[in-house]
Structures are given as C-alpha cells and as structure tokens.
Amino acid sequence: MRSDNAKSGMQQAPARSLYRALGLTEEELARPLVGVVSSYNEIVPGHMNLDKIVEAVKQGVAMAGGTPIVFPAIAVCDGIAMGHEGMKYSLVTRDLIADSTECMAIAHQFDALVMVPNCDKNVPGLLMAAARLNIPTVFVSGGPMLAGRVKGEKRSLSSMFEAVGSYAAGIMTEEDVEEFECKVCPTCGSCSGMYTANSMNCLTEVLGMGLQGNGTVPAVYSERIRLAKHAGMAVMDMLKKNICPRDIMTKDAFYNALTMDMALGCSTNSMLHLPAIAHEAGVEINVDIANEISAKTPNLCHLAPAGPTYMEDLNEAGGIYAVMNEIAKLGLLNLDCMTVTGKTVGENIKGCTNKNPEVIRTVENPYSKTGGIAVLRGNLAPDSCVVKRSAVVPEMLKHEGPARVFDCEEDAIAAIKGGKIVAGDVVVIRYEGPKGGPGMREMLNPTSAIAGMGLGSSVALITDGRFSGASRGASIGHVSPEAAAGGPIGLIEEGDIISIDIDANTINMKVSDEELAKRRADWTPKTKEVSGYLKRYRKSVTSADRGAVLED
C-alpha cells in the first residue's frame, strides 16, 4: 500500500505516534488510508450540506474495509462573488484547489481519494488534482438545489439576477424583487439550472469519475446520502482493481464529455475546464474540436437558463445516463471507456431509458440538430471565442450592430441600467480576461440586466471575460487573445460595426486591416495594478482558448 511509506517499519514509528494522536487504532492503520476531500463550508449554499455527504462517504469506505480521513478544499460562491472584485478570485481558485489537494495527498501518502465537491471551480479543480495524482479516486458531489417557485412557476438564480434588471427598467416593483429573493433558492445545493456547477458535476458522471446520479440527484434527497456511501465503497473496489483516473480520463472519455456537453447544453465554462482537466491527464484538447462535435450532436436538453426545466426534472427523466443512451443511438459515444464502477460506459448506461421526452428530447426530435455550444473565430477573435448557442434566441444567431465599448464590467453595467444601451447594440467588455482581470470575471450581472430590461433578443454582449452558466442570450465570451495580451478586442472603437454569425461560427469587426494596423501602432494594452495571489496568477496564466491553465 502507498500509505505504508508513512506508517510501516521502525523508521516510521514517529509517524505512527502521530497517527495514534489522531485516535487511530492498529486495526485502522492496517487498512488502506483513504483521503476524503471535503469542500464543506458555511458560505456556499452548494456546500453547506457536504458535512453529511462526507460522513456518508466515510461510512462507505469503512464498510468496504478502508480507513477514511478527511481533509479540506476551498470553494468560492460565484453568486456571492458576482459583480465586485471578489469575482476576480473565482477562477483562480481552481488551481489553488488542485495544488493544495496534490500537496495533502502526496504529503500523507493516501492510498485512494474520494472527492466531495459541488460548485463552479471546486469540481474542475479536484478533477485536475485527480488526473495529476493518478491514484484511485471517486467523485460524489453535494447535488443540485431544488427549483424555487414564484407565483406558481419554477424559478432559479438566473431569474433573480434578471429580476434586478427588470426593476431597473421599471417592469418590476421592489416587492416583486423581494419575493424572488426569498423564493428562488429554496434549499441547499448547487443552483438548480444547467449552470457551471451542475454542468461540471454532470460531465464528471459522463467522464466516468462519478457514479450514476452524481450530477442530478437533488441535494436534499436521501438518495444523495446513499450515493455517497456507494462512492466510498466504490473507491475501495477501484483500489483492489488498481483503476486510476488516467485509466478513466482518456482522450475518448473527454470526447464523450464534449459530446454530452453539446447534448445537454452545458455552461460555456466547460470550454475552460475540460481542456484544463485534460491537460493534467496528459490529453490535449483543441477547442476547435467543439464545432466538429457540435455539427453532428443534437441538443436534447433546454434546462434553465435556456428553457423552463431544471435539474430535478432531468433527474426524474432518467438523468445523465438516459441522455447518454439517446446520444448512443447515433453512435456518437465511445462505450468502451472504463469508469469508477469498474464497468464500461456501455455497461453502465444499458437499460437507462428516457422517462420524459419533454425534458430529454429524443434524437429524432431535438431542440436543434447541432450542439449547445459554438466556437467562433474572426478578426475580433483570431484564436476563438465561445457562445452557448442553445440559450440564444433564433433572431440573434445572426446579428450586426454598433460596438458600445467598455474597459471594465462596472462601466458596462452602469450604461445598461442607465438606459444607454438600445436595441441592436453590441456591448463589448474588455480587459476582463485571465490576465486582464486578472481572474476572468463572469458577466452575469450585465447579461441579466440586458435580459431583465427586455433587450435579450436584440443586444449582444462580447467579452474577453467569461459568463456564468446562468447567462443567456447572445453572450459571447473567452475572446482570445484577450485585450491585455494584445488581442484585437482591444482595438475596437465606439461605433465599429460588429458582425456575428453563430451558425457560420464567425465573429468580425467591419474594420479594414489597414485601419487595424494603424490603431495597433498607436496602442498599448492597459494593465491593472494588482498584488498578492492575483499578481502571481497573472504572470503564469495562459489564454482562455487553452483553458486558462498555468505555465511555469
């Protein structure tokens, strides 16, 4: 056992004395030591229940003959961090989580790990750590929140942000907003739509790193506790069979994840996280492959914010395995990939039927014949940008309009809420990329303000930052190269005509090459003064099209 390095032989007697200080018995020390990585905290609603999940995991590990030992991982609540400098510290935690988990796992020579994450950067950060460490590892998330109900309709966090925009437009009263505030987030769990947290938990299931239901069983269901116990048992079986993350997270597994990303209509943040996780697993993913996969993958789900269904509905309809079974009919999944169950993808999804074709469309009746995410290129984004196509209204799939240019999120929000943005405009927010932010803030406040003010079907938003999974509309992010790195988005001037064609995967500013060369000659990218971790992060982070991974 790996843990013998820390606990066996006369030389390790001092270490054993410290294990005894923890209250561990000789019987417990004779068993494999399983690290349970707990992301529990009291600031993230998706994490406030993880203490119960962790206890269930510990029971599962112990029942299967292991000794569970808990250590922590941090997590930021993106909703609480939104709209101020705190959002600069969201994406950057992904690497802190991976690094600190690596440190703890190797320093203490754990034989196996069970990861217990739930929210946006916490899930990919721990997947990155799992790929890097490559010891038997199972994931079990805290589960999604139940949808709220306002005036008889299901609602979620995206509705809350849009309500603020509606109030600014005079469409809602303060009392209306307060009712939303009290009802849209009714339980613990990751917010109830197909936002980033739920996207990544579902894709963890697709990758084969989580058991069936990992992405969809609601946080408040007792089924989630049973799932956690089974995760603890599963990791012990993996240890006996020596099944490790890199046996599971292969190139084919990542292609399965990208395919299901398109079918489910996941958050555009998956286009940051999947390449970063793959990089740690020794697999290189070029974002351009997304369009190739999208071209042949139908979009079968329209969960919030793209439509009126929620994670609880997807769970009742059969969950991720049911969607995989639909997509498998087209021969688009590699069914031979290994998973944490010790079985292949094909064996896992066999017999998992679609119980509600209104929630999970059949492949014969998709929402669209192409996938939920599109990668665009053009003279505005030579290295690519990303849009959640499934959340764009048909009339905005092709759009031209004048650029309204802002060098930070706050200025854009002030203009939107001040009524200075009108139908047809293209809002450009730059210097918010991985280096420019630094930290690549999410732009849920401006997109929600646009939607809430009734401009969602007539105004586009383009940024070198990124969007929350709760954003909808023609919200185009991850523009690469970013402005701070000399990207053409930094050359856009107020009033330039921006041309967007999502079906053709193009995005251009109607400015001649000669004029752009002239502007570049007189231009120096802006740099924001930062200190501490953000300063170190800016020096190492790469562009969004590479997953914003860190380089030495």
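In this text, all values refer to a predicted model and were calculated from it rather than measured experimentally. Note: hydrogens, waters and symmetry copies are ignored here, and every other heavy atom, side chains too, is used.
Checked by atom type and distance alone, the side chain of Ser166 pairs as donor or acceptor with a backbone atom of Gly452 at under 3.5 Å. Checked by atom type and distance alone, the side chain of Ser100 pairs as donor or acceptor with a backbone atom of Ile97 at under 3.5 Å. Side-chain N or O atoms of His84 include one that pairs as donor or acceptor with a backbone N or O of Ile80 at under 3.5 Å. Listed for the Glu179 side chain is no donor-acceptor partner under 3.5 Å among the backbone atoms of Val150. Judged by distance alone, with hydrogens and angles left aside, the side-chain atoms of Lys528 form a donor-acceptor pair with the main-chain N or O of Tyr431 at under 3.5 Å. Of the possible polar contacts, one joining the Lys435 side chain to the Val541 backbone as a donor-acceptor pair under 3.5 Å is found. A donor-acceptor contact shorter than 3.5 Å is absent between the side chain of Thr268 and the backbone of Val387. Side-chain atoms of His399 come within 3.5 Å of backbone N or O of Gly424 as a donor-acceptor pair. Under the 3.5 Å distance criterion, the side-chain polar atoms of His47 are matched with a main-chain donor or acceptor of Ser39. The main-chain N or O of Ile429 is found under 3.5 Å from a side-chain atom of Thr463 such that the two form a donor-acceptor pair.
Taking Tyr537 as the reference, nothing meets the side chain to side chain donor-acceptor pair (under 3.5 Å) condition, with sequence neighbours excluded. Residues satisfying the ring pair (Phe, Tyr, Trp, His ring centres under 6.0 Å) criterion with Phe71, sequence neighbours excluded, are Phe110. Judged as a side chain to side chain donor-acceptor pair (under 3.5 Å), and not counting sequence neighbours, the contacts of Ser543 are Asp545. Checked against salt bridge (charged side-chain N to carboxylate O under 4.0 Å, His left out), Asp503 has the following partners two or more places apart in sequence or in another chain: Arg389. Annotation: ring pair (Phe, Tyr, Trp, His ring centres under 6.0 Å) contacts of His302 (sequence neighbours excluded): Tyr367. Under the rule for a side chain to side chain donor-acceptor pair (under 3.5 Å), the partners of Glu284 that lie at least two apart in sequence or sit in another chain are His279.
With values rounded to the nearest 0.5 angstrom, Met453 atom CE is found 9.5 Å from Ile450 atom CD1. Distance SG/Cys266 to CD1/Ile373: 6.5 Å, rounded to 0.5 Å. A distance of 4.0 Å separates CG of Asn214 from OG of Ser141, quoted to the nearest 0.5 Å. Taking CG of Leu314 as the reference point, atom CD1 of Ile320 lies at 5.0 Å (rounded to 0.5 Å). Distance OG1/Thr506 to CG/Leu380: 11.0 Å, rounded to 0.5 Å. Between Leu550 atom CG and Thr542 atom OG1 the span is 7.0 Å, to the nearest 0.5 Å.
Using a cutoff of 4.0 Å between basic side-chain nitrogens and carboxylate oxygens, Arg377 and Asp288 are scored as salt-bridged. Salt bridge absent: Lys518 and Glu514 never bring a charged side-chain N and a carboxylate O closer than 4.0 Å.
Taking every heavy atom of both residues into account, Gly142 and Ala219 meet most closely at O-CB, 3.2 Å. Among all heavy-atom pairs drawn from Ala130 and Phe139, the shortest one is CB-CE1, 4.0 Å. Across all their heavy atoms, Met194 and Gly265 have their closest contact at CG-O, 3.7 Å. Of all heavy-atom pairs between Ile500 and Ala460, the closest is CD1-CB, 3.7 Å. A pairwise comparison of heavy atoms in Val116 and Leu50 identifies O-CD1, 3.6 Å as the closest pair. Closest of all the heavy-atom pairs between Ala290 and Met262 is O-CE, 3.4 Å.
The salt bridge (charged side-chain N to carboxylate O under 4.0 Å, His left out) analysis of residues 454-479, with sequence neighbours excluded, yields the pairs Glu162-Arg472, Glu442-Arg466. Screening residues 401-413 for side-chain hydrogen bond (donor to acceptor under 3.5 Å, both in side chains) gives Arg404-Asp425, Arg404-Glu494, Asp407-Arg430, Asp407-Lys526, Glu410-Arg441 as the qualifying pairs, with residues at least two apart or on separate chains. Each side-chain hydrogen bond (donor to acceptor under 3.5 Å, both in side chains) pair with one or both residues in residues 186-204, not counting sequence neighbours, appears once here: Asn118-Asn201, Ser156-Tyr195, Ser158-Tyr195, Ser190-Asn198, Thr196-Ser267, Thr196-Asn269. For residues 533-543, no pair satisfies salt bridge (charged side-chain N to carboxylate O under 4.0 Å, His left out), with sequence neighbours left out. Pairs of residues two or more places apart, or lying in two chains, that qualify as salt bridge (charged side-chain N to carboxylate O under 4.0 Å, His left out) and include a residue from residues 72-89 are Asp78-Lys121. Here salt bridge (charged side-chain N to carboxylate O under 4.0 Å, His left out) pairs that include residues 249-265, with residues two or more places apart or in two chains, number zero.
The local environment of CE in Met104 is crowded, with over 12 non-hydrogen atoms from other residues, nucleotides or ligands closer than 6.0 Å. Applying the 6.0 Å contact sphere to CD of Glu400 captures more than 12 heavy atoms from other residues, nucleotides or ligands. Other residues, nucleotides and ligands contribute more than 12 heavy atoms inside 6.0 Å of the CD atom of Glu395.
Residues Met128 and Asp95 meet the side-chain proximity criterion, which asks for heavy atoms closer than 4.5 Å. Considering only heavy atoms from C-beta on, Val428 stays 4.5 Å or farther from Asp496 through its side chain. No side-chain heavy atom of Thr447 sits less than 4.5 Å from a side-chain heavy atom of Phe161. Residues Cys202 and Met311 have side chains in contact (heavy-atom distance under 4.5 Å, counting atoms from C-beta outward). Side-chain contact between Lys388 and Pro305 is present, with at least one heavy-atom pair separated by less than 4.5 Å. Using a 4.5 Å heavy-atom threshold, the side chains of Ser471 and Met443 count as separate. By the 4.5 Å heavy-atom criterion applied to side chains, Asp176 and Tyr167 are not counted as neighbours. In this structure, the side chains of Ser390 and Ser368 stay at 4.5 Å or more apart for every pair of heavy atoms.
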Item to check | Worked verdict on Met160 versus Val177 for side chain to side chain contact (heavy atoms under 4.5 Å, CB included) | outcome: CA-CA 8 Å; Met160 183 72 253; Val177 175; 3.7 Å; yes

Item to check | Test log, rule side chain to side chain contact (heavy atoms under 4.5 Å, CB included), inputs Met200 and Ile277 | outcome: CA-CA 11 Å; Met200 294 310 302; Ile277 299 160; 3.9 Å; yes

Checklist entry - When you look at Met509 and Asn379, which way does the side chain to side chain contact (heavy atoms under 4.5 Å, CB included) test go after all the steps? => result CA-CA 7 Å; Met509 46 180 155; Asn379 68 353; 3.6 Å; yes

Item to check | Working for side chain to side chain contact (heavy atoms under 4.5 Å, CB included), residues Val164 and Glu181 | outcome: CA-CA 10 Å; Val164 175; Glu181 182 181 330; over 6 Å; no

